[in-house]
Each structure stands twice: as structure tokens, then as C-alpha cells.
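Any value given below was found using the heavy atoms of this structure, including those in side chains, with hydrogens, waters and symmetry copies removed. Chain letters run A, B, ... following the sequence lines, proteins first and then strands; every chain starts at 1.
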Amino acid sequence: MKFYDSLDKKKKNLNLNNNKITIYVCGVTTSDYSHLGHAFSSMVFEVLHKYLEYKKIKVTRIQNFTDVDDKIIDKAKKEKLTMHQVSEKYINAFIQDMDKLRIKRADFYPRATDEISNIIDFIKKLEIKGFTYNLDGSVYFKVNNKEDYGKLSRRDLNNIVQGTRVEIEEKKQHPGDFALWKKSKEDEPFWDSPWGRGRPGWHIECSSMVMSNFGNSVDIHGGGLDLLFPHHENEIAQSEAISGVRFAKFWMHNGLLKISGDKMSKSTGNLIRLRDALKIHSPNSLRLWMLSSHYRNPIIYDRENILAQSKALRRLREATLISNMGKSHSGFSINKYREIFEKYMEDDLNTPKALSVLFDLSREINKLSTLGNDILGPQRLLKELAMILGLNLNEDQERENEDIDEAYIDDLINKRNKFRKNKLFKEADETREQLKKMGIEIRDSQEGTVWKKIN
RNA sequence: GGCGACGUAGCCAAGUGGUUUAAGGCGGGGGUCUGCAAAACCUCUAUUCGGCGGUUCGAAUCCGCCCGUCGCCUCCA
């Protein structure tokens with residue numbers, strides 16, 4: 001099983017201890033509703049999780065909530081709520097929205113505010129080792145004391161600031177130094193610490209959570225590519241400054257989601273909320289769309305593309321819905337498809353290729369069915385493999401059949417079939433048109449007439 | 001200015017030295033089936049991988065230059 005490691009810049013073999021694996025994924029700052037980029041990132045590592053589990057590997061996946069930060073504090077002031085209330089609201093929304101997308105939940109969702117005492121201990125250790133300095137009640141990490149700083153993002157400390165738009169805090173010893181502990185201003189939430197009242201800096205919570213849950217090193221550390229610098233670079237610096245060992249065996253970064261060529265991000269307001277996307281797209285179509293490009297590549301939001309995926313989805317679903325009338329066995333090897341699927345998944349999570357196996361399998365099922373073969377096994381395999389990718393091939397069918405007067409539809413279908421029996425085709429076609437106007441498409445087959453809702 | 005990614009058919013998107021004279025999906029053409037449809041199946045739809053050079057017996061795949069798009073260097077999945 002090979003995955004691309006952003007630090008070593010190559011695909012590496014995943015070696016396991018006792019068939020166990022630990023995964024830490026950087027979660028969201030709880031200052032707003034989650035957007036599609038969050039969904040994409042969460043889904044990538046969820047699919048990884050599910051695949052490993054399918055391979056009988058014991059996975060522990062943690063995804064954090066950053067529930068203390070400037071934006072949350074601002075929002076709380078504006079809405080006259082406490083920081084905690086704001087966070088609570090968006091944490092609940094996150095869970096709700098991700099559930100709807102059928103993202104299997106992580107094992108734990110630790111919050112920064114529950115981690116404070118560990119964080120303080122962490123900073124104390126860094127202090128003892130001489131990696132920090134105090135500046136007006138805030139504590140900073142000395143980037144110059146970490147000789148390999150910049151190894152993840154290939155950055156050189158000497159020109160790390162040149163040409164940037166960063167306003168350099170003149171007091172910092174080095175422009176790259178970052179806050180471990182921020183002194184709190186008046187009317188801001190705070191925690192007592194050896195350095196006075198304040199709150200943790202952004203990067204420290206992830207290091208602390210990894211270490212308090214997994215020890216000095218985690219197997220896979222994931223997140224969006226936008227976190228590579230400075231967030232993950234800083235995590236490495238502070239963690240390895242303490243432990244002296246490699247912080248994450250694998251750094252996995254998903255590509256960023258874009259809207260008409262530009263990154264989806266909070267700063268520009270250029271984003272689509274997951275809950276809004278779910279109003280016009282089914283979970284399956286959204287997932288199929290996200291899975292149809294490789295996780296490390298950027299993906300551009302485009303309604304037409306997602307719509308195309310929902311049509312593709314039908315192909316898969318139809319193949320699982322064919323009644324199994326066949327008796328004979330074709331000598332068809334389902335293991336071949338399973339093996340190819342696994343081969344692609346284990347090659348750095350190549351979901352586009354893995355999906356192609358599902359489509360090939362669907363075609364095979366249709367062919368076998370026409371030839372009168374037993375298709376139960378292949379159908380089960382199709383559903384099983386799709387489920388690893390979070391595609392529920394029964395779900396949309398059920399969903400589409402909601403809110404429909406089935407008895408009325410059955411009446412019309414019976415009526416049409418009587419017309420057909422009596423060769424009154426004109427009347428039969430009119431009835432079919434009537435159904436179509438209601439959004440119902442029908443299909444005649446040997447087993448009778450079946451119908452489904454169309455969009 | 002520094003670091004990095006990408007550019008493959010009408011569209012989306014894999015492939016990163018020979019097994020690929022390039023997966024899969026959407027769209028489109030033709031056919032089979034059907035009273036007609038739908039679905040399904042068969043078949044066609046890039047002799048070619050941004051451009052130009054180079055390395056090699058052999059390149060979409062490696063190297064160089066150029067053009068274009070984007071990301072990070074600021075909170076960000």
C-alpha cells in the first residue's frame with residue numbers, strides 16, 4: 001500500500017505495527033458553516049479510513065475543532081453570544097452537514113478549549129528547551145533554533161518574508177516566529193497560564209492533540225494543501241523540538257477546491273456551503289464528483305459536472321437493480337474486479353481509477369444478465385466496493401421515491417398497459433406523457449413496468 | 001521576489017519511460033432490442049497528450065527553454 005508523502009515528496013510504502021494505524025486530520029475553525037472544501041478534505045480521509053478498515057486494519061482517526069480564534073471571538077461580539085455558543089452552533093452544523101454527506105464520523109473530535117492544560121504543558125517543555133521567548137505576555141517559537149525549519153514547505157528562513165504582504169511585527173526576533181500563546185486583550189476569553197492570561201496560538205493545538213492521543217508520532221497527518229505552510233511546518237517545528245523524532249510518518253494533503261478557477265476560501269467569501277450544495281445535489285453525486293478526480297489535484301466546482309456525475313451514478317445504480325433471473329454460472333471472476341479495485345486504491349488512493357472498475361463491473365453485470373447468468377455475486381461486489389467510497393447505490397432510489405402518490409402512478413401504469421394490450425398505442429403514449437409530466441419515467445420489461453422519478 | 005502545482009478528446013478526468021498506436025464518466029453519431037420509448041448492449045467520437053528543442057533503441061511520461069492557468073509565502077480544508 002503506497003501513499004504520497006508531502007515531506008519526502010514521493011510515494012512510500014505504508015508499514016504497520018500490529019495492523020493498527022493512527023490518523024490525525026486538521027479540522028475546521030468553528031466560526032462559520034462548513035463549505036465544500038471542508039467536505040472534500042473530510043471525505044478524502046474518511047475514504048482512506050474506510051478503505052483501511054475494509055483491509056481489516058484497526059484505524060483511529062481524530063479530527064479537531066479549533067474552537068478558539070479571532071474570527072469566533074469577533075462573531076461572538078457581533079452576535080452578542082459567548083465564544084462557546086458560537087463554536088457550539090457551528091460544531092453541531094458541521095456534524096449535521098457531514099452526516100448528510102454520509103461522512104463516517106471520526107473516532108474523536110477534540111476541541112482546542114479542552115486541550116488547554118496539555119497545551120500549557122507543551123509550551124513549558126519548549127520553554128525549558130530554549131525554543132521560546134516572551135514578548136509582552138505572549139510566547140513565541142524561535143524559528144531560528146530549529147535547524148531544519150522549512151523542510152516540509154521547502155522554505156528558506158532567509159527569504160521567507162521577502163515580497164510577502166505580511167505586516168512584519170517589528171518586535172519579533174524573526175519574522176517567521178509564531179505565537180504559541182497569545183496574551184488576551186480586554187473582554188476576550190482567556191485562560192490563566194504561567195505567562196499570564198491568554199489563549200493558545202493556532203498551531204499548538206494540533207501538536208498537542210497528536211501527542212496526547214498518539215504519542216510522539218502519528219502515522220498519517222492529513223489536511224488541505226493550504227495548511228502545508230505555515231500550519232504544518234510549525235507543527236513539525238514545535239513537535240520535533242520536543243520529541244526529537246519525526247512527527248508524522250506520512251503528510252497527506254488534499255488539493256484545493258476552486259470556484260471558476262479561484263480557491264474557495266473564507267477570506268474572499270468565495271465559497272459554497274456544504275448545506276447549500278446538498279440542497280441541489282444528492283450526497284451520492286457530490287461524492288462521485290469529488291472522487292472522480294485524484295485527491296491531490298485541485299477540483300473546480302461546476303454544477304454541470306456534478307450533474308453529469310449524477311447521470312453516471314444511475315449507471316451504477318441500474319446495474320444493482322436488475323432482478324437476478326439467471327441461473328447459470330459463467331465462471332465470471334469477481335475477484336478480478338476486487339483485486340483491480342484494491343490495486344488502485346492502494347496506489348495513493350487513486351479513486352478515479354477505482355471508480356472505473358465500478359463502471360466496468362456494471363457493464364459486466366448487464367451483459368451477464370442478458371446472457372441469463374446469475375448476477376447476485378457481482379451485484380453484491382459492486383455495492384460493497386461502492387460503499388467503501390461512500391456511494392450508497394440504494395439511497396437515491398429511496399430518496400427519489402419520497403413524496404409521490406404511488407397508488408395514482410400505479411393506476412396510470414395499469415391504464416397504459418391495458419391500452420397497450422388492446423393496441424391502443426396512441427392512448428398508451430398519452431398516458432406515458434402524462435406520467436412524464438409528473439416527473440415519472442417508466443420502463444417496460446419482462447417482469448412488468450417499473451417507474452422512477454426523474455429530475 | 002521565493003517555493004510549488006498544473007496544461008491530456010466537445011466537457012470532466014486517469015495514466016508519469018515499452019504490457020497504453022492514452023482508463024473511466026458526461027455529451028454526440030451509427031446499430032441491436034422495443035408497437036414506440038426507456039434501460040441495456042455493440043460500435044464510432046485524441047495516430048495524439050500547451051509550444052519548441054534535447055536525452056533514449058523507445059517519451060504524454062525524463063531534461064531545457066518558452067507560453068498559459070493556479071496555489072502557498074496572510075486567517076484558510
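- Between A:L225 and A:D429, it is A:D429 whose nearest contact on RNA chain B lies nearer the 5' terminus.
- Relative to the side chain of A:H35, the nucleotides B:C75, B:A77, B:A14 differ in distance, and B:A77 lies closest.
- When the nucleotides B:A37, B:A77, B:A23 are ranked by their closest atom to the side chain of A:K353, B:A23 comes out on top.
- Rounded to whole Å, the separation between the C1' atoms of B:C41 and B:U47 comes to 28 Å.
- Here A:D70 lies out of heavy-atom contact (under 4.0 Å) with every strand.
- Within 3.5 Å, no donor on the side chain of A:K311 pairs with an acceptor on the base of B:C26, nor the reverse.
- No side-chain donor-acceptor contact under 3.5 Å links A:Y149 and A:N144.
- Here B:A39 presents its C1' atom at 8 Å from CD of A:E441, a figure rounded to the nearest Å.
- For the pair A:L349 CG and B:G15 P, the interatomic distance rounds to 12 Å; values are reported in whole Å.
- When the C1' atom is compared between B:C36 and B:U45, the two are found 28 Å apart, to the nearest whole Å.
- For A:A312, the listed nucleotide lying nearest its side chain is B:C26; candidates were B:C26, B:G24, B:A77.
- The side chain of A:H38 approaches B:A77 more closely than any other nucleotide in the set B:G35, B:G2, B:A77.
- Contacts of A:K9 with the nucleic acid, taken as non-hydrogen atoms under 4.0 Å apart, involve only primed sugar atoms and P, OP1 or OP2.
- Within 6.0 Å of NZ on A:K142 lie more than 12 heavy atoms contributed by other residues, nucleotides or ligands.
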Taking only N/O atoms, report every protein-nucleotides 42-45 of chain B pair under 3.5 Å with atom names and distance.
unit_1 : atom_1 : unit_2 : atom_2 : d
B:C42  : OP1    : A:K367 : NZ     : 3.1
B:C42  : OP2    : A:R363 : NE     : 3.1

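- At a threshold of 4.0 angstrom between heavy atoms, the contacts of A:L288 with the nucleic acid are absent.
- Between the P atom of B:U16 and the NZ atom of A:K10 lies a distance of 17 Å, rounded to the nearest Å.
- With respect to A:D32 and A:K71, no salt bridge is recorded, no charged nitrogen being found less than 4.0 Å from a carboxylate O.
- Here the closest heavy-atom approach between residue A:P189 and residue A:S184 is recorded as O-CB, 3.8 Å.
- When rounded to the nearest whole Å, the span between NE2 of A:H294 and P of B:G25 equals 20 Å.
- A:K249 has a carboxylate O that lies under 4.0 Å from a charged side-chain N of A:D219, or vice versa, which qualifies the two as a salt bridge.
- For B:U20 and B:A38, the C1' atoms lie 35 Å apart once the distance is rounded to whole Å.
- Side-chain proximity of A:R315 to the nucleotides B:A14, B:C26, B:G4 is greatest for B:C26.
- In the set B:A14, B:G2, B:G24, the nucleotide with an atom closest to the side chain of A:S356 is B:G24.
- When the nucleotides B:C36, B:A77, B:C73 are ranked by their closest atom to the side chain of A:N254, B:A77 comes out on top.
- Using a 30° and 60° split on the angle between ring planes, A:H232 and A:H253 fall in the tilted class, from 30° to 60°.
- Heavy atoms of A:G223 sit under 4.0 angstrom from primed sugar atoms or phosphate atoms, though from no base atom.
- For the P atoms, the distance linking B:G51 with B:U43 amounts to 31 Å, nearest Å.
- Spacing between atom CZ of A:R61 and atom C1' of B:A77 amounts to 14 Å, rounded to whole angstrom units.
- Separating the CZ atom of A:R155 from the C1' atom of B:G4 is a distance of 8 Å, rounded to the nearest angstrom.
- When the side-chain nitrogen and oxygen atoms of A:N350 are compared with OP1 and OP2 of B:A13, none of them lie within a distance under 4.0 Å.
- Ring geometry for A:F94 against A:Y109 counts as perpendicular: the plane angle is over 60°, on a 0 to 90° scale with 30° as the lower cut.
- Counting atom types as modelled, A:D444 pairs a side-chain N or O with a base atom of B:C36 as donor and acceptor under 3.5 Å.
- When only modelled atom types and interatomic distance are considered, A:S310 and A:S285 share no side-chain donor-acceptor pair under 3.5 Å.
- Checked against B:C73, B:A77, B:A23, the side chain of A:P352 finds its nearest nucleotide in B:A23.
- When the C1' atom is compared between B:C65 and B:G71, the two are found 23 Å apart, to the nearest whole Å.
- Contact check on A:E46 versus A:K50 returns a salt bridge, with a Lys/Arg side-chain nitrogen under 4.0 Å from an Asp/Glu carboxylate oxygen.
- Remark: C1' of B:G71 and CD1 of A:I299 are 16 Å apart, rounded to the nearest angstrom.
- Here, B:G35 and B:C44 have their P atoms 28 Å apart, quoted to the whole Å.
- With respect to the salt-bridge test (charged N to carboxylate O, under 4.0 angstrom), the residues A:R155 and A:E233 do not qualify.
- Here B:G35 presents its P atom at 16 Å from CG of A:L424, a figure rounded to the nearest Å.
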Structure string for RNA chain B in dot-bracket form, Watson-Crick and G-U at under 3.5 Å, | interchain: (((((((..(((.....[.....)))((((((.......))))))....(((((..]....))))))))))))....
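- Between the side chain of A:D347 and the base of B:G15, no donor-acceptor pair under 3.5 Å is found.
- Residue order along RNA chain B, read from the 5' end via each residue's closest nucleotide, puts A:L228 first among A:G222 and A:L228.
- Minimum atom distance to the side chain of A:D69 is reached by B:C75, of the listed B:C75, B:A14, B:A39.
- Nearest to the side chain of A:N366, among B:A14, B:C41, B:A23, sits B:C41.
- Ring-to-base geometry does not place A:F359 in a stacked arrangement with B:G24 (centre distance under 5.5 Å, plane angle under 30° required).
- Between A:F419 and A:F425, a ring centre-to-centre spacing not shorter than 6.0 Å is recorded.
- B:G25 and B:A39 have their P atoms separated by 15 Å, given to the nearest Å.
- Atom NZ of A:K77 is surrounded by more than 12 heavy atoms from other residues, nucleotides or ligands within 6.0 Å.
- With no hydrogens or angles considered, a side-chain donor-acceptor pair links A:D67 and A:T113 at under 3.5 Å.
- Nucleotides B:C12 and B:G27 are separated by 11 Å at their C1' atoms, to the nearest Å.
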